[in-house]
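To start, the structure itself, in structure tokens.
Quantities reported herein were computed from a predicted structural model and do not represent experimental measurements. Heavy atoms only: backbone and side chains are in, while hydrogens, waters and symmetry mates are out.
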Amino acid sequence: MEITVLIADDELLYRDLVSDFLENKGYKVIVAKDGSEAIDLFFSTRGVNLVILDVMMPKYDGWEVCKEIRKQSDVPILMLTALGEESNEIHGLTLGADEYISKPFSYEIFMARIKALLRRVIKENEKNIEIEGIIIDQSSQTVSIHNNVIELSPKEYKLLLYLVKNLRMALSRNQILNGVWGYDFFGDVRTVDTHIKSLRSKLGEYGKLIRTVRGLGYEMKVNK
């Protein structure tokens, strides 16, 4: 699988250094020069697998960016900072960061932490997900019910996966559009309704797990 990493750092030197490290290992890299751009890029780019945040950035600092991302995603987050005090590290981890590295850092330590975080990502994207009687095989991107493969379009598959990964969360149509179609989609929000209707039909009796939230959007809800 292709790994996409978002790097946010206002220092060009570190931005280029970290980008070079990762691109040389074959990762796809996108960069932001401040906290505002980092938030915009994260929510407008599909499939970001890892976020690397500098703490001291203009507009929004790394802690604020971390908080915003954690409201909607459990993507691994690594904090880079010149603030080496233990209290700052504790603060970052409390906000939801997974790792914390002080500048300057060695290439070996940096890459070891990156690989450790990405092992979790790769494992999560390979395992099967089972909800009630629905089995989603992420490695082959197929869905089956009672050992029968359900023929879904690529967009229907992404829609189902998005609902399942946000289980029991009431999602607006715009949230679903952004999560499945991307921020650059300029179509009508009724596209969501059309795809939900089709997905429910293909899931048969399990289509009832996708519930309409009046005035908002949809929610995937199970009894367990």
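For the residue pair Met79 and Ile77, the shortest heavy atom distance occurs at SD-CG2, 3.9 Å. Pairing each heavy atom of Lys25 with each of Lys115, the nearest pair is NZ-NZ, 4.5 Å. For the residue pair Val75 and Asp98, the shortest heavy atom distance occurs at O-OD2, 3.9 Å. For the residue pair Met220 and Ile210, the shortest heavy atom distance occurs at SD-CG1, 3.6 Å. Taking every heavy atom of both residues into account, Arg173 and Leu216 meet most closely at NH1-O, 3.1 Å. In plain terms, the two heavy atoms of Asp9 and Glu11 that are nearest each other are OD1-N, 2.8 Å.
The cluster map of Ile, Leu, Val, Met, Phe, Trp and Tyr, joined by side-chain heavy atoms under 4.5 Å apart, puts Leu177 and Met169 in the same cluster. Linking Ile, Leu, Val, Met, Phe, Trp and Tyr whenever their side-chain heavy atoms come within less than 4.5 Å puts Met111 and Ile101 in one cluster. Ile135 and Ile131 are members of different hydrophobic clusters when ILVMFWY side chains are connected at heavy-atom separations under 4.5 Å. Ile145 and Val222 fall within the same hydrophobic cluster, where Ile, Leu, Val, Met, Phe, Trp and Tyr residues are linked whenever their side-chain heavy atoms come under 4.5 Å apart, directly or through other members.
Between Lys103 and Asp54 there is a salt bridge, since at least one side-chain N of the basic residue sits less than 4.0 Å from a carboxylate O of the acidic one. Under the 4.0 Å criterion applied to side-chain N and carboxylate O atoms, Asp40 and Lys59 are not assigned as salt-bridge partners.
The side chain to side chain contact (heavy atoms under 4.5 Å, CB included) test with Tyr218 singles out one residue from Val192, Leu159, Val213, Leu171, and that residue is Val192.
Between the CD1 atom in Ile69 and the CG atom in Leu6 there is a gap of 6.5 Å [rounded to 0.5 Å]. With values rounded to the nearest 0.5 angstrom, Glu68 atom CD is found 12.5 Å from Ser73 atom OG. The structure places CG of Leu50 at 10.5 Å from CD of Glu99, a figure rounded to the nearest 0.5 Å. Here Leu78 contributes atom CG and Leu117 contributes atom CG; the two are 6.0 Å apart, rounded to the nearest 0.5 Å. Between the CG atom in Leu167 and the NZ atom in Lys221 there is a gap of 10.0 Å [rounded to 0.5 Å]. Atoms NZ and CG, from Lys165 and Leu161 in turn, are 4.5 Å apart once rounded to the nearest 0.5 Å.
Side-chain contact between Val48 and Leu41 is absent, with no heavy atoms from C-beta onward closer than 4.5 Å. Between Tyr60 and Lys67 the shortest side-chain heavy-atom distance does not fall below 4.5 Å. Residues Val180 and Lys155 meet the side-chain proximity criterion, which asks for heavy atoms closer than 4.5 Å. A 4.5 Å side-chain heavy-atom check between Val65 and Phe42 finds every atom pair outside the cut-off. By the 4.5 Å heavy-atom criterion applied to side chains, Ile134 and Leu209 are counted as neighbours. You'll find the side chain of Trp181 reaches within 4.5 Å of the side chain of Ile176, heavy atoms only. For the pair Leu80 and Val18, the minimum side-chain heavy-atom distance is below 4.5 Å. In this structure, the side chains of Leu160 and Leu203 come closer than 4.5 Å at one or more pairs of heavy atoms.
With a 6.0 Å radius and a threshold of 12 heavy atoms from other residues, nucleotides or ligands, Lys202 has its NZ atom above the threshold.
Asp61 contributes a side-chain N or O that, together with a main-chain N or O of Glu64, makes up a donor-acceptor pair within less than 3.5 Å. Panel note: side chain Asn49, backbone Thr4; a donor-acceptor pair is recorded below 3.5 Å. Side-chain atoms of Lys208 come within 3.5 Å of backbone atoms of Glu205 as a donor-acceptor pair (strictly under, hydrogens ignored). Listed for the Ser198 side chain is no donor-acceptor partner under 3.5 Å among the backbone atoms of Thr194.
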Carefully, step by step, assess Tyr27 and Leu118 under the rule side chain to side chain contact (heavy atoms under 4.5 Å, CB included).
CA-CA 11 Å; Tyr27 302 134; Leu118 289 176; 3.6 Å; yes
Stepwise side chain to side chain contact (heavy atoms under 4.5 Å, CB included) check, Asp137 with Ser144:
CA-CA 8 Å; Asp137 185 335; Ser144 59; over 6 Å; no
Side chain to side chain contact (heavy atoms under 4.5 Å, CB included) between Leu163 and Ile196: does it pass, once the steps are laid out?
CA-CA 10 Å; Leu163 292 169; Ile196 288 287; 4.0 Å; yes
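By the ring-ring contact (aromatic ring centres under 6.0 Å, His included) test, Phe21 is found to be paired with Tyr107, Phe110, residues two or more places apart in sequence or in another chain being considered.
Taking the six-membered ring where tryptophan is involved, the planes of Phe105 and Tyr14 are tilted, since the angle between them lies from 30° to 60°.
Alongside Leu13, the hydrophobic cluster contains no other residue (criterion: ILVMFWY side chains under 4.5 Å).
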Name each donor-acceptor pair under 3.5 Å that joins a side chain in residues 29-39 to protein atoms two or more places apart or in another chain, with its distance.
{"residue": "Lys33", "atom": "NZ", "partner": "Glu37", "partner atom": "OE1", "Å": "3.3"}
{"residue": "Asp34", "atom": "OD1", "partner": "Ser36", "partner atom": "N", "Å": "3.1"}
{"residue": "Asp34", "atom": "OD1", "partner": "Glu37", "partner atom": "N", "Å": "2.7"}
{"residue": "Glu37", "atom": "OE1", "partner": "Lys33", "partner atom": "N", "Å": "3.0"}

